[in-house]
Amino acid sequence: MWAFPFRLRPTYASKFLPKPGYSCVVLSTHALRINLDTREEETLLNFEVPVRSFTKLDGVKSEHALCVVSGNSNKNAIITRLVNRYAFLGDISSARITFNQIQKKDAYLWNSMLAAYVRRGSYNEALECYRQFLLSSDVQPDFYTFPPLLKACRSLSDGKRLHCMVLKLGYEVDVFVSASLVHLYSRNGLLDIARDIFDCMPLRDMGSWNAMLSGYCQNENAYEALDILYSIKSEGLKMDSVTICSVLPMVAQLNDVLSGLMIHVHIIKHGLEFDLFVNNALINMYAKLGHLADGQYIFDCMVTKDVVSWNSMIAACEQNNDPITACWLFRRMLSVGEKPDLLTMVSLASAVAQVNDSQSALVLHCYCTRRNWLSDGIVIGNAVMDMYAKLGNLNDAKKVFDCLPAKDVISWNTLITGYTQNGLASEALEAYWLMEKCEYVSPNHGTWVNVLPACAALGALKEGMRFHGLVTKNGLFADVFVGTCVVDMYGKCGRLDYAMSLFYKISRISTVPWNAMISCHGIHGHANQCVELFEEMLDAGVQPDYITFVSLLSACSHAGLLDKGKLYFQMMKEKCGLKPGLKHYGCMVDLLGRAGHLEEAYQFIKDMPIHPDASIWGAVLGACRVHGNAELGAFASERLFEVDSDNVGYYVLLSNIYASAGKWELIGDVPTVDYSEMKHQPGYIINQGFKNTCNCGIFLKRE
DNA sequence: CTAGGGTTAG
């Protein structure tokens, strides 16, 4: 049995060195700090390293380092302290200059330089430094060398090589070294190896437990993570801030509000509520759980905020449908002097798209381009592209896409989604074909849920069938969304038989597949099948939602099932507790109108709790055209021109109503669009088209 | 001189 190494944590002299307004004096036995204003002296600490010379360390510039070193017999000790000080201040080049001044470096000095690189995130430089360390054959790496070095290993093969070195030198007995190994393996998903090392540790400090726990949390192993949490408790240890930061994202992912609240209580009970990381994690958790106000409260209470706090809050607003606040927070962030980073822009891009602000979109794009962020990583490029696509600006989205330094599945999916969402189904398929040619990207679930609807929109059955094959091959048919898209594609392409048989092969716990199937039957006018499916859905215990009723009511209106439609509308309000939206009211007006109950439809609109939009009045107008009610038609069109004066179709409808009622003199009263103002607008061509349609539609008929 | 933690499409 070997003895477990036990080391005291040294007090860091570097903490006490330079400070504005003070002069530091380092004596052989202790260090002094003199306040330059009051001349008061303060003893800082006793050094374990003898420093013979009288030294002033009043600044942090490298010249001072030189002045310290000159004539000092214990250069290594001073240099090492300076390297650490520079590392603490983030001045890596000064640290390196200072480091290079010593020819005969000891392990302590090498370790300091290594740690300085790792602290800055310069991992490759750290590994290079280690290589030089090994080459300088006179000294060996020690316990302190490996933990930062293992953190610097981005690739598993480097990590394994270091692991061998650790074993060769017998350093696996160190708590920090083995905890770093645990972390290395769990970060790379090799949880079994990590667990083996963890289990072999004879002593575990909080850091070891946290390393194992974060491994489980990040690899979505909730069960094992809980087990570790339980063990921590039974060892008599308490969750510290790091434990909490690992666990909170998992709590959010499991949508476990109760555990989240319990951890929040723990935080307050143990005085961790002032920890920056803990607060940031709490904001993120509450945002993911949809409790925006709680996140906002934490954010407002935070005394010190960093860029991550701002980013988290902006993302929280953006993800909880409050893009206006997200934009406002961004302005606040700038005004308090916090520098936005790449991830700020990722969230902001999404917020800008949600508020539909093309001007800001351009500004944001320029902001990122100026900082060269678009060539740095794909994440921000994808976000900017998505923003343009959501604003309907596919040209710029494509331009950003073409300029991306590398394209991943998300880039391709964003482009394809952009096309699909903007009704450009054939462009979406073309983009998919280009994607298929790239060997290094393979389509995923996000690809199929866009490509299949594109096929459905185009009626491209043959392509759709090919995609169905690929989906099955990749085992993605089992995914509810992908499976539903396949069913929907067959349904929309007219193969309701295939759609139905596949429908019964997918999981029908959620409303998604039911809605798709009901809508497909509705589109083909099979209202009775819709009703049957709906009843079946209720029998299966699936609670219908907003979309279910849109499909169902629209099927009823197309088939003229007046009573059924009314029944389901009541059912939605009373039994299902759903508040009808504009779409539902639209269906009902259409239903009443088509059945010729124009007065009832009008009464229905008057009783609506929400303001009717163009689609509602459009439905009335259409019904007036069919049933020849010129008076109500005129009234409806007045309302219509108030809300949507540019839509050509409505003018045509009104003209036709007058024409069929024989009221030719009124056709001149149909308001026309003032083209002079519209010449520069995208709708101009369409409106010009309207002029001809109106004339042809009416006057040819008369002759 | 050492670990462990946070934000990324649909």
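Atoms considered below: every heavy atom in the structure, side chains included; atoms not considered: hydrogens, waters and symmetry mates. Proteins get letters first, then strands, A, B, ... in listed order; numbering begins at 1 in each.
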A/Asn444 has its side chain closest, among B/dT2, B/dT7, B/dA9, to B/dA9
Hey, is the side chain of A/Asp240 pairing donor to acceptor with the base of B/dG4 inside 3.5 Å? yes
Check whether any side-chain N or O of A/Gln319 sits under 4.0 Å from OP1 or OP2 of B/dT7, and answer yes or no. no
Please enumerate all residues that pass side-chain contact (heavy atoms from CB on, under 4.5 Å) together with A/Asp158, with sequence neighbours excluded. A/Leu127, A/Cys153, A/Ser155, A/Arg161
Among B/dT7, B/dA3, B/dG5, the one nearest A/Asn284 by side-chain distance: B/dT7
At 4.0 Å (heavy atoms only), tell me whether A/Asn382 reaches a base, stays on the sugar-phosphate, or touches nothing. nothing
Nearest to the side chain of A/Pro147 - B/dT8, B/dG4, B/dA3? B/dA3
Would you kindly give the CG-to-C1' distance between A/Leu364 and B/dT8, to the nearest whole Å? 15 Å
Measure from the side chain of A/Asn311, starting at C-beta and using heavy atoms only, and say which of B/dT7, B/dA3, B/dG5 lies closest. B/dT7
Specify the separation, in whole Å, of atom CZ of A/Phe401 and atom C1' of B/dA9. 13 Å
I'd like to know if A/Asp275 reaches the base of B/dG5 with its side chain such that a donor and an acceptor end up less than 3.5 angstrom apart. yes
Compare the minimum distances between each of B/dT7, B/dG5, B/dG4 and the side chain of A/Ser312, then state the nucleotide with the smallest one. B/dT7
Is A/His445 close enough to B/dA9 that one of its side-chain N or O atoms is under 4.0 Å from OP1 or OP2 there? no
Nucleotide of B/dA9, B/dA3, B/dG5 approaching A/Ile410 most closely (side-chain heavy atoms): B/dA9
Nearest to the A/Phe176 side chain among B/dA3, B/dT7, B/dG4, which nucleotide is it? B/dA3
Between A/Arg96 and A/Tyr117, is any side-chain donor less than 3.5 angstrom from a side-chain acceptor? yes
Out of B/dG5, B/dG4, B/dT8, minimum distance to the side chain of A/Ser246 belongs to B/dG5
Under 4.0 Å between any heavy atoms, over every strand shown, what does A/Asp306 touch: base, sugar-phosphate, or nothing? Just pick one. base
Checking A/Arg331 now: which residues fulfil salt bridge (Lys or Arg N to Asp or Glu O under 4.0 Å) with it, not counting sequence neighbours? none
Across the strands shown, which category fits A/Thr414 at heavy-atom distances under 4.0 angstrom: base, sugar-phosphate, nothing? nothing
Mind calculating the distance between CD1 (A/Ile267) and C1' (B/dG5) to the nearest angstrom? 12 Å
Can you check whether A/His183 has a side-chain N or O nearer than 4.0 Å to OP1 or OP2 of B/dG4? yes
Candidates B/dG4, B/dA3, B/dT8 - which lies nearest the side chain of A/Asp205: B/dA3
Test: A/Lys407 cationic atom under 6.0 Å from A/Phe401 six-membered ring centre, within 45° of axis: yes
Are any of the side-chain nitrogens in A/Lys399 or A/Asp402 under 4.0 Å away from the carboxylate oxygens of its partner? no
